[in-house]
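Worksheet for the structure shown next.
Only a predicted model underlies this, so the values are computations on that prediction, with no experimental measurement involved. Values below: every heavy atom of this structure, side chains too, minus hydrogens, waters and symmetry copies.
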Amino acid sequence: MNNVFVYIEMEGGKVADVSLELLTKGRELASTLGVKLEAVVLGHNVAGLEKELAKYGADTVWVADDEIFEPFRTLPHTSVMRGLIEQEKPQIALFGATPVGRDFAPRVSSALHSGLTADCTQLVIGDHKDAKTGKEYTNLLYQIRPAFGGNIIATIVNPDHRPQMATVREGVMRKEYAAQPGKGEVKTIDWRRFIKDTDLAVKIIDRQIEERKIDIKGASIIVAGGYGMGSKENFKLVYDLADVLGAEVGASRAAVDAGFTEHERQVGQTGVTVRPKLYIACGISGQIQHTAGMDQSSMVISINTDPDAPINKIADYAITGDVNEIIPKMIKYYKQNSK
């Protein structure tokens with residue numbers, strides 16, 4: 001009762017990174033609350049998975065292992081997750097903000113009348129006082145996310161309904177082994193009592209999955225260009241710098257919308273979240289929509305004509321000047337000194 005649940009998503013027979021990131025955060029939340037961290041696995045041929053999940057702090061691993069759960073289908077997943085939550089009554093339930101999580105987490109939330117905050121960037125335990133009633137609450141989940149197009153950071157709480165539910169995008173949270181591994185105790189879900197015949201009405205006949213042609217989320221160095229690059233032709237300088245550094249190319253939404261590069265390279269609230277060792281922001285103003293996707297970079301270097309650009313507030317080094325003049329100098333200097 002009142003534990004922390006994390007839904008474990010599978011990708012190609014292995015646990016999705018976002019689920020391991022949520023276990024890391026879930027372990028932190030559960031320790032703060034003094035409760036257990038419980039993982040929920042709905043899949044097929046998942047025996048032994050509890051060993052990996054225990055390393056990330058899972059005390060309990062709930063398992064429904066049957067071919068009806070692989071590949072993912074919305075209705076059976078929703079019914080089983082809803083049934084398990086009603087049975088076990090966790091106080092928090094976390095999902096990845098993936099196509100799968102975005103599909104069925106809102107359905108579970110709606111069925112439970114619990115509420116759901118999407119695309120959270122932070123999750124923290126804290127207290128709350130209702131301004132209207134004066135009622136005070138302790139140990140609520142602060143569900144923190146950008147709102148109104150990223151112009152503000154909203155802290156959302158759910159005082160009266162359980163579980164408190166949230167989705168988090170991949171790369172937002174850290175992924176690391178727990179200081180103290182969980183027990184990984186396996187508990188079998190009696191899923192047949194939650195499934196109705198109508199949940200199995202949809203049959204998957206065939207699946208065609210295309211691999212990502214561009215995937216920058218795991219890059220150790222990213223050179224990102226913004227609208228300040230000026231044109232698609234000038235944006236090629238970003239590729240040139242990335243090439244000599246052995247880096248990947250990223251972009252702001254403004255640069256993508258302007259047609260400077262592909263959407264798959266977009267970093268930020270509506271793109272991908274990255275954590276490189278080095279992030280070089282070229283001609284990027286640094287509005288919160290963008291920084292939400294890269295502010296966990298180990299080192300940030302900004303190049304901008306505006307010394308007061310928001311990106312400079314999080315940059316470790318800020319270079320003031322024209323990117324079209326500075327990038328060629330950086331390329332030349334690197335080539336001369338890397339032989």
Side-chain angles (χ1 to χ4, degrees), residues 4-27 37-85 88 90 92-109 118-119 165-178 181-182 184-192 194-195 199-200 202-212 215 217-218 272-273:
V4 175
F5 267 28
V6 174
Y7 168 71
I8 304 301
E9 185 173 337
M10 305 294 292
E11 288 182 352
K14 68 176 186 176
V15 179
D17 282 347
V18 69
S19 297
L20 299 177
E21 292 162 6
L22 286 176
L23 282 177
T24 301
K25 172 55 69 172
R27 179 66 272 162
L37 174 62
E38 306 197 76
V40 181
V41 181
L42 311 180
H44 188 42
N45 294 328
V46 295
L49 199 64
E50 68 277 1
K51 296 176 183 177
E52 179 182 8
L53 303 182
K55 293 177 182 178
Y56 290 88
D59 297 303
T60 304
V61 180
W62 289 95
V63 176
D65 192 336
D66 193 90
E67 60 184 6
I68 73 166
F69 299 114
E70 179 64 35
F72 170 83
R73 282 185 288 174
T74 304
L75 296 180
H77 267 67
T78 299
S79 292
V80 173
M81 196 69 184
R82 173 191 178 181
L84 182 63
I85 287 175
E88 296 300 314
I92 294 171
L94 306 177
F95 301 77
T98 62
V100 167
R102 286 178 169 140
D103 182 340
F104 94 110
R107 293 172 182 262
V108 174
S109 170
D119 289 351
M165 293 180 60
T167 65
V168 178
R169 291 195 303 157
E170 183 178 358
V172 171
M173 307 294 179
R174 298 188 322 275
K175 181 185 74 172
E176 59 187 24
Y177 288 155
E185 178 188 1
V186 176
K187 292 188 178 181
T188 302
I189 302 172
D190 186 10
W191 57 267
R192 288 179 176 81
F194 301 136
I195 295 283
D199 292 332
L200 305 177
V202 175
K203 306 291 184 184
I204 297 177
I205 299 172
D206 188 27
R207 300 175 78 212
Q208 298 293 330
I209 301 176
E210 184 177 346
E211 292 187 9
R212 297 176 184 173
D215 188 2
K217 65 183 181 183
V272 297
T273 301

Using side-chain contact (heavy atoms from CB on, under 4.5 Å), reason through Val46 and Val63 one step at a time and then give a plain yes or no. CA-CA 8 Å; Val46 295; Val63 176; 3.7 Å; yes

What pair of heavy atoms forms the shortest contact from [X] to [Y], and how long is it?
| X | Y | answer |
| --- | --- | --- |
| Gly101 | Pro106 | O-CD, 3.6 Å |
| Ile204 | Pro71 | CD1-CG, 3.5 Å |
| Lys55 | Pro181 | CA-CB, 4.5 Å |
| Asp59 | Gly182 | OD1-CA, 3.9 Å |
| Phe5 | Val40 | CD2-CG2, 3.7 Å |

Between [X] (side chain) and [Y] (backbone), is there a donor-acceptor pair under 3.5 Å?
| X | Y | answer |
| --- | --- | --- |
| Arg107 | Thr78 | no |
| Thr167 | Gly96 | no |
| Thr60 | Glu38 | no |
| Glu50 | Gly48 | yes |
| Ser79 | Leu75 | yes |
| Glu67 | His44 | no |
| Arg27 | Tyr56 | no |

Decide yes or no for [X] and [Y]: does some side-chain heavy atom of the first lie under 4.5 Å from some side-chain heavy atom of the second?
| X | Y | value |
| --- | --- | --- |
| Leu49 | Val15 | yes |
| Val6 | Leu53 | no |
| Val80 | Asp199 | no |
| Ile189 | Phe194 | yes |
| Lys175 | Asp17 | yes |
| Lys203 | Arg73 | yes |
| Lys25 | Val168 | no |

For the pair Asp119 and Arg102, evaluate side-chain contact (heavy atoms from CB on, under 4.5 Å) and give the outcome as yes or no after the intermediate values. CA-CA 9 Å; Asp119 289 351; Arg102 286 178 169 140; 2.9 Å; yes

Would you compute the distance between atom [atom1] of [X] and atom [atom2] of [Y] and round it to the nearest 0.5 angstrom?
| X | Y | atom1 | atom2 | answer |
| --- | --- | --- | --- | --- |
| Leu84 | Trp191 | CG | CH2 | 14.0 Å |
| Glu9 | Thr98 | CD | OG1 | 3.5 Å |
| Ile68 | Arg192 | CD1 | CZ | 8.0 Å |
| Phe69 | Met10 | CZ | CE | 14.0 Å |

Met165 and Phe95: side-chain contact (heavy atoms from CB on, under 4.5 Å), yes or no, with the steps? CA-CA 8 Å; Met165 293 180 60; Phe95 301 77; 3.3 Å; yes

side-chain contact (heavy atoms from CB on, under 4.5 Å), paired with Leu20, selected from Thr24, Leu23, Val18: Leu23

Take Tyr7 and Val100 through the test side-chain contact (heavy atoms from CB on, under 4.5 Å) and record every step on the way to the result. CA-CA 11 Å; Tyr7 168 71; Val100 167; 4.1 Å; yes

